[in-house]
Q: 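Sending over a structure as structure tokens; questions will come in a sec.
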Amino acid sequence: MQIYDSVQKKKLTFSPIVPNKASIYICGPTVYDDAHLGHARSSLAFDLLSRTLTSHGYEVTLCKNFTDIDDKIIKKVEETGKSMEEITSFYIDRYLSEMTALGIQRANIEPKATESLDAIEAMIQKLIDKDIAYVISTGDVYFDTSKDTHYGNISHRVADDEDSQSRVEHTTEKRNPKDFALWKACKGEDDICFDTHFSRGRPGWHIECSAMIEKHFTGNGEYSIDIHGGGADLLFPHHENEAAQSRCATGHELAKYWMHNGFVQIDGEKMSKSLGNSFFLKDALKLYDGEILRYYLNSIHYRNDFNFSEEELQLNKKRLDKLYRLKKRLMPGKASLPNKTFKKLLLDDMADDLNISMALAHIDEMIATANDTLDNNPKDKGFKKETLANIEFIDEILGFGGKEPFSYFQIGVDDALKEKVETLIEARLEAKKNRDFSRSDAIREELTALGISIMDTPDGTLWEKS
RNA sequence: GGAGCCAUCGCCAAGUUGGUAAGGCCGUAGAUUGCAAAUCUGCUAUUCACCAGUUCGAGUCUGGUUGGCUCCUCCA
């Protein structure tokens with residue numbers, strides 16, 4: 001298994017801390033608003049990683065956090081008058097249900113910042129005790145970046161005089177311009193804050209992840225976890241700071257491998273809330289089935305930027321349709337075992353830093369070969385069972401193709417339409433039987449107008465929503 | 001201004017350690033079909049933004065040019 005490490009900037013052979021086990025930590029969302037396609041892509045990328053490792057026989061422990069203490073959340077509390085808990089639990093629930101719609105498997109551990117305050121406080125205290133962190137007069141706690149000789153190793157950022165951590169929040173008490181806040185003391189009476197030995201306040205963003213990792217993973221004395229993942233925008237400062245905190249607090253490195261996914265772009269620009277060009281998942285899921293979105297968003301390599309377009313999505317649906325048309329031909333039936341060669345191809349493709357394009361190409365070839373075999377020998381039961389097993393394996397490792405094929409082609413069709421379609425098809429069959437082709441063609445046109453396409457097979461007429 | 005990523009057929013997109021360009025869509029010819037649709041088969045980049053270099057050999061390495069994107073502020 002080869003994965004690309006974004007710190008060393010090359011593919012490395014995955015060699016976990018504990019043989020046959022993989023520990024992964026993914027930076028999850030800050031829950032103050034709806035998730036957009038960018039969040040989906042990141043989740044999808046690491047879902048693919050987790051599934052791939054599992055398929056290769058690793059026992060995967062996936063941890064994905066929720067940042068539920070944050071300035072933006074507090075702002076939302078002030079704006080809406082709702083409680084912080086109300087807001088965060090609403091967005092967490094929505095996030096989880098949207099991710100489920102995309103076929104993303106739940107993480108084994110889903111910690112929240114509010115539930116990790118003990119670990120956060122302990123880590124900050126440790127850093128203060130070592131004089132790596134310091135408390136200023138306001139009660140804010142800062143990390144002294146000059147104490148960490150490896151600071152900059154993650155993002156390869158060279159030291160400069162500019163205050164890269166905070167252009168807005170200047171304080172003269174910082175020892176170095178690059179120092180960043182571990183803890184922000186509360187300022188007003190109504191602030192949302194928590195008591196600690198050093199001050200009453202709330203955690204900075206970076207420390208949350210470091211503390212949660214230390215809380216949930218033991219590591220091996222050299223690293224805490226195998227893989228740390230997240231969006232490419234988190235490389236600096238978030239992951240740089242996480243790495244520094246953990247290194248200084250624990251004496252060992254945070255993660256053995258770092259993986260970062262590319263962005264979703266709209267018209268060539270990064271999709272982000274601050275740019276206001278977000279395509280929210282809740283809206284996308286109203287328009288398209290989750291499985292198609294999954295297929296499309298995962299169709300290009302996770303490290304590349306992804307330019308979203310509805311036309312491309314439709315083209316990808318066509319490609320997925322082919323898999324389901326083949327599946328229709330295999331029904332009803334029971335899966336046996338997947339073809340060994342095919343299974344190995346997919347495993348090898350994905351073992352190469354998740355080369356999904358190669359895997360999809362191999363799937364297309366499998367589909368064509370299978371259709372050809374079935375054209376020549378429609379009754380080959382053993383082959384049908386094996387092919388069905390191939391599709392089950394695709395679903396296992398890539399997370400699509402698992403639906404019942406007839407219902408796949410009827411997504412969005414209500415019972416009334418379904419009944420109408422079936423009546424029309426029967427009438428058309430009757431007309432065909434009487435060789436009344438002008439009538440049967442007229443019925444076909446009527447169906448087309450309803451958005452239904454039909455196909456005659458030896459076993460009868462099948463229909464799909466086009 | 002500093003750091004980095006990317007540039008492959010009309011469109012999307014792969015290309016292990018340099019060895020002679022996957023796959024999908026579209027198009028096209030055919031098989032099949034009452035006609036379609038679906039399915040299958042054939043064809044569809046002597047060429048990888050541009051220029052120079054290293055090499056027996058480069059899309060793949062080096063240097064430069066142009067264009068696009070990202071990070072340096074919250075961000076998946």
Side-chain angles (χ1 to χ4, degrees), chain A residues 2 6 9 11 26-30 32-33 35-46 67 70-72 75 155-158 160 162-169 205 229-238 240 260-265 268-275 278 296 299-301 303-307 309 311-322 325-326 328-329 348-349 352-353 355-365 367-376 432 435-438 440-441 444-445 447-448 453-457 461-464 466:
Chain A
Q2 298 272 116
S6 33
K9 295 179 194 249
K11 282 185 196 173
I26 307 301
C27 288
T30 300
Y32 69 100
D33 201 355
H36 59 214
L37 257 27
H39 297 99
R41 179 151 147 90
S42 184
S43 274
L44 245 12
F46 292 106
T67 298
D70 178 85
D71 289 353
K72 289 207 190 66
K75 198 177 161 208
S155 59
H156 306 294
R157 211 158 279 274
V158 269
D160 55 35
E162 241 194 284
D163 186 344
S164 56
Q165 296 296 343
S166 173
R167 286 183 184 171
V168 267
E169 198 186 356
W205 176 38
D233 49 354
L234 299 183
L235 195 50
F236 188 87
H238 187 53
E240 187 71 64
H260 292 91
N261 64 276
F263 301 123
V264 174
Q265 304 189 326
E269 263 198 336
K270 177 186 172 186
M271 177 186 294
S272 78
K273 283 168 191 170
S274 46
L275 288 173
S278 297
Y296 176 46
S299 67
I300 77 163
H301 191 86
R303 272 189 283 125
N304 289 152
D305 284 342
F306 185 103
N307 208 334
S309 87
E311 296 92 301
E312 277 302 315
L313 185 140
Q314 293 303 337
L315 297 183
N316 275 271
K317 180 182 180 302
K318 281 184 156 181
R319 208 172 171 185
L320 181 58
D321 286 350
K322 286 188 159 202
R325 287 205 189 96
L326 170 63
K328 274 205 250 181
R329 300 184 72 176
D348 289 352
D349 292 339
D352 181 16
D353 193 36
N355 192 338
I356 187 79
S357 295
M358 212 46 122
L360 294 181
H362 283 136
I363 289 171
D364 287 332
E365 278 162 18
I367 293 170
T369 310
N371 275 319
D372 193 29
T373 305
L374 291 171
D375 283 350
N376 294 319
K432 271 181 59 160
R435 303 194 68 78
D436 183 357
F437 295 123
S438 59
S440 72
D441 288 354
R444 186 165 64 203
E445 272 169 41
L447 285 162
T448 306
S453 54
I454 56 171
M455 39 217 77
D456 295 326
T457 77
T461 299
L462 302 178
W463 63 277
E464 295 176 0
S466 37

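Computation of the quantities below employed the complete heavy-atom set of this structure, encompassing side-chain atoms and omitting hydrogens, waters and symmetry-equivalent molecules. Protein chains get the first letters and strands the later ones, always in sequence-line order, with residue 1 at the start of each.
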Q: Measuring from the side chain of A/E269 (C-beta onward, heavy atoms only), which nucleotide among B/U39, B/U70, B/G34 has the closest atom?
A: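 Closest nucleotide to the A/E269 side chain: B/U70.
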Q: Looking only at the side chain of A/N261 (C-beta and beyond, no hydrogens), which of the listed nucleotides B/A36, B/A14, B/A76 gets closest?
A: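 Nearest to the side chain of A/N261 among the choices is B/A76.
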Q: With sugar-phosphate meaning primed atoms plus P, OP1 and OP2, does A/S453 contact a base, only sugar-phosphate, or nothing at under 4.0 Å between heavy atoms?
A: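 No contact at all - A/S453 keeps every heavy atom at 4.0 Å or more from the nucleic acid.
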Q: Rounding to a whole Å, what distance do you find between A/E311:CD and B/C25:P?
A: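 One finds 17 Å between P of B/C25 and CD of A/E311, rounded.
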Q: Can you tell me the base-pairing partner of B/U39? Count Watson-Crick or G-U wobble geometry only, both distances below 3.5 Å, and say none if there is no partner.
A: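 Paired with B/U39, as far as the under-3.5 Å criterion goes, is B/A31.
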Q: Identify the nucleotide, in any strand shown, that forms a Watson-Crick or G-U wobble pair with B/G1, with both distances under 3.5 Å; if there is none, say none.
A: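 Answer to the pairing question: B/C72, which forms a Watson-Crick or G-U pair with B/G1.
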Q: Using whole Å, report how far CE of A/M271 lies from P of B/U70.
A: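 Rounded to whole Å, this separation is 13 Å.
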Q: From CD1 of A/I367 over to P of B/U41, roughly how many Å is that when rounded to an integer?
A: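 Going from A/I367 (CD1) to B/U41 (P), I get 12 Å.
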Q: Please tell me if the side chains of A/N316 and A/E312 come closer than 4.5 Å, counting only heavy atoms from C-beta onward.
A: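 Yes, at least one pair of side-chain atoms sits under 4.5 Å.
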Q: With a cut-off of less than 4.0 Å, is there a side-chain N or O of A/K318 near OP1 or OP2 of B/C26?
A: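 Yes.
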Q: Write down the distance between CG (A/D305) and P (B/C6), rounded to a whole number of angstrom.
A: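 To the nearest whole Å, that distance equals 11 Å.
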Q: Between B/A45 and B/C69, how far is it from one P atom to the other, in whole Å?
A: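 That atom pair is separated by 31 Å.
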Q: Between B/U70 and B/A76, how far is it from one C1' atom to the other, in whole Å?
A: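 It works out to 13 Å between them.
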Q: State whether A/K322 places a side-chain N or O below 4.0 Å from either non-bridging phosphate oxygen (OP1 or OP2) of B/C25.
A: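 So the side-chain polar atoms of A/K322 do come within 4.0 Å of the phosphate oxygens OP1 or OP2 of B/C25, strictly under.
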Q: How would you label the contact of A/G230 with the nucleic acid (heavy atoms, under 4.0 Å): base, sugar-phosphate, or nothing?
A: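 Touches sugar-phosphate only.
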Q: Using the C1' atom in both, what is the distance from B/A58 to B/U16, to the nearest Å?
A: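 Per the computed distance, 16 Å lies between those C1' atoms.
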Q: Taking atom P in both B/C11 and B/C56, compute the distance separating them and give it to the nearest angstrom.
A: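 Those two atoms are separated by 37 Å.
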Q: Of all the nucleotides listed (B/C40, B/A14, B/A76), which has the minimum atom distance to the side chain of A/S42?
A: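 Out of B/C40, B/A14, B/A76, the nucleotide with an atom closest to A/S42's side chain is B/A76.
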Q: Given B/G23, B/A76, B/G2, identify the nucleotide with an atom nearest to the side chain of A/D364.
A: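 Nearest to the side-chain atoms of A/D364, counting from C-beta on, is B/G23.
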Q: Starting at the 5' end of RNA chain B, which residue's closest nucleotide do you reach first, A/E365 or A/S438?
A: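 Whichever sits nearer the 5' end wins; that is A/E365.
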Q: If I pick the P atom on B/A29 and the same atom on B/A37, what distance separates them, to the nearest angstrom?
A: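 The answer is 13 Å between these two P atoms.
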Q: Return the minimal non-hydrogen interatomic distance between A/N307 and A/Y296, and the atom names on each side.
A: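 The answer is O-OH, 3.5 Å.
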Q: Which part of the nucleic acid, if any, lies within contact of A/R444, taking any heavy atom under 4.0 Å across all strands shown: a base, the sugar-phosphate backbone alone, or nothing?
A: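 Base contact.
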Q: Using atom NZ of A/K328 as one end and atom C1' of B/A37 as the other, report the distance to the nearest whole Å.
A: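 Taking atom C1' of B/A37 as the reference, NZ of A/K328 is at 11 Å.
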Q: Determine the interatomic distance between P on B/A36 and the same-named atom on B/G68; round to the nearest Å.
A: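 Taking atom P in both B/A36 and B/G68, they lie 48 Å apart.
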Q: So if I take every side-chain heavy atom of A/N371 and compare against B/C11, B/G34, B/U39, which nucleotide ends up nearest?
A: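 Of the candidates, B/U39 comes closest.
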Q: Applying the Watson-Crick and G-U wobble criteria at under 3.5 Å, what pairs with B/C61? Answer none if nothing qualifies.
A: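 Its partner is B/G53 (Watson-Crick or G-U wobble, both distances under 3.5 Å).
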Q: Check every strand shown and say whether A/R41 touches a base, only sugar-phosphate, or nothing at a heavy-atom separation below 4.0 Å.
A: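 No contact.
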Q: Which atom pair, heavy atoms only, marks the closest approach of A/H156 to A/K9?
A: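 Result for this residue pair: CD2-CE, 3.5 Å.
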Q: Can you tell me the pairing partner of B/G10 across any strand shown, Watson-Crick or G-U wobble, with both distances under 3.5 angstrom?
A: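 Base-paired to B/C25.
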Q: Here's a test of your reading of the structure: between A/K273 and A/K9, which maps to the more 5' nucleotide of RNA chain B?
A: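 Here A/K9 is the residue nearer the 5' end.
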Q: Between B/C12, B/A38, B/A76, which nucleotide gets closest to the side-chain atoms of A/K270?
A: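 For the A/K270 side chain, the nearest candidate turns out to be B/A76.
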Q: Return the value, rounded to whole Å, for the distance between atom CG of A/L374 and atom P of B/A31.
A: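 So the CG-P distance, A/L374 to B/A31, works out to 23 Å.
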Q: Looking only at side-chain atoms of A/M358, point me to the closest of B/A38, B/A22, B/C74.
A: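 So the side chain of A/M358 is nearest to B/A22.
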Q: Counting only side-chain heavy atoms from C-beta out, which of B/A76, B/C72, B/C12 sits nearest to A/E312?
A: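 Nearest listed nucleotide: B/C12.
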Q: Measure from CZ on A/F263 to P on B/C5 and round the result to the nearest Å.
A: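 These atoms are roughly 14 Å apart.
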Q: With heavy atoms under 4.0 Å as the rule, sort A/A45 into base, sugar-phosphate or nothing.
A: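 The answer is nothing, as A/A45 stays clear of every strand by at least 4.0 Å.
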Q: Counting only N and O atoms by type, is there a donor-acceptor contact under 3.5 Å from the side chain of A/H362 to the main-chain atoms of A/A359?
A: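 No: the side chain of A/H362 does not pair with the backbone of A/A359.
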Q: Give A/D456 one of three labels, base, sugar-phosphate or nothing, depending on what nucleic acid heavy atoms sit under 4.0 Å from its own.
A: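 Base: the residue A/D456, judged by heavy atoms under 4.0 Å, touches a nucleobase.
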Q: Decide, yes or no, whether a salt bridge links A/K75 with A/D71 under the criterion of side-chain N to carboxylate O below 4.0 Å.
A: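 No, this pair does not count.
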Q: Looking for any heavy atom pair under 4.0 Å, which part of the strands does A/H301 touch: base, sugar-phosphate only, or nothing?
A: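 Here A/H301 touches the backbone only, sparing every base.
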Q: Rounded to whole angstrom, note down the C1' distance from B/A13 over to B/C25.
A: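 That atom pair is separated by 11 Å.
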Q: Using a strict threshold of under 4.0 Å (side-chain N to carboxylate O), is an ion pair present between A/K318 and A/D321?
A: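 Between A/K318 and A/D321 there is no salt bridge, as every charged N stays at least 4.0 Å from the carboxylate O atoms.
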Q: Tell me the interatomic distance from A/R303, atom CZ, to B/A14, atom P, rounded to whole angstroms.
A: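 After rounding, the reported distance stands at 10 Å.
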Q: Between A/D33 and A/K72, is there a salt bridge with N-O shorter than 4.0 Å?
A: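 Here A/K72 does not pair with A/D33 in a salt bridge, since their nearest N and O are not under 4.0 Å apart.
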Q: When you compare B/C9 with B/A49, how far apart are their P atoms, in angstrom units rounded to a whole number?
A: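 About 8 Å, rounded to a whole number of Å.
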Q: Between A/D375 and A/T373, is any side-chain donor less than 3.5 angstrom from a side-chain acceptor?
A: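 No - no donor-acceptor pair under 3.5 Å links their side chains.
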Q: Please work out if A/S440 contacts a base, only the sugar-phosphate, or nothing of the nucleic acid, heavy-atom cut-off 4.0 Å.
A: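 Base, at least one base heavy atom under 4.0 Å.
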Q: So, OP1 or OP2 of B/C35: does either fall under 4.0 Å of a side-chain N or O from A/K432?
A: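 Answer no for this pair, as no side-chain N or O of A/K432 is under 4.0 Å from OP1 or OP2.
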Q: Does B/A13 have OP1 or OP2 sitting under 4.0 Å from an N or O in the side chain of A/N304?
A: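 So the side chain of A/N304 is outside the cut-off, no N or O lying under 4.0 Å from OP1 or OP2 of B/A13.
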Q: Any donor-acceptor pair, under 3.5 Å, between the side chain of A/N355 and the base of B/G15, if you only look at N and O atoms?
A: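 No.
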Q: Okay, side chain of A/D352, backbone of A/N355: is any donor-acceptor separation there less than 3.5 Å?
A: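 Not a single qualifying donor-acceptor pair exists.
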Q: Pick base, sugar-phosphate or nothing for A/N376, based on heavy-atom distances below 4.0 Å to the nucleic acid.
A: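 Touches nothing.
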Q: Is a donor on one side and an acceptor on the other found under 3.5 Å between the side chain of A/D372 and the backbone of A/A368?
A: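 It does not hold such a pair.
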Q: So, is A/R325 near the phosphate of B/U39, with a side-chain N or O under 4.0 Å from OP1 or OP2?
A: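 So the side-chain polar atoms of A/R325 do come within 4.0 Å of the phosphate oxygens OP1 or OP2 of B/U39, strictly under.
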Q: Using a heavy-atom cut-off of under 4.0 Å over every strand shown, decide if A/I454 touches base, sugar-phosphate, or nothing.
A: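 Answer is base: heavy atoms of A/I454 come under 4.0 Å of a base.
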Q: Could you tell me whether A/G262 contacts a base, only the sugar-phosphate backbone, or nothing, with contacts defined as non-hydrogen atoms closer than 4.0 Å?
A: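 Answer is base: heavy atoms of A/G262 come under 4.0 Å of a base.
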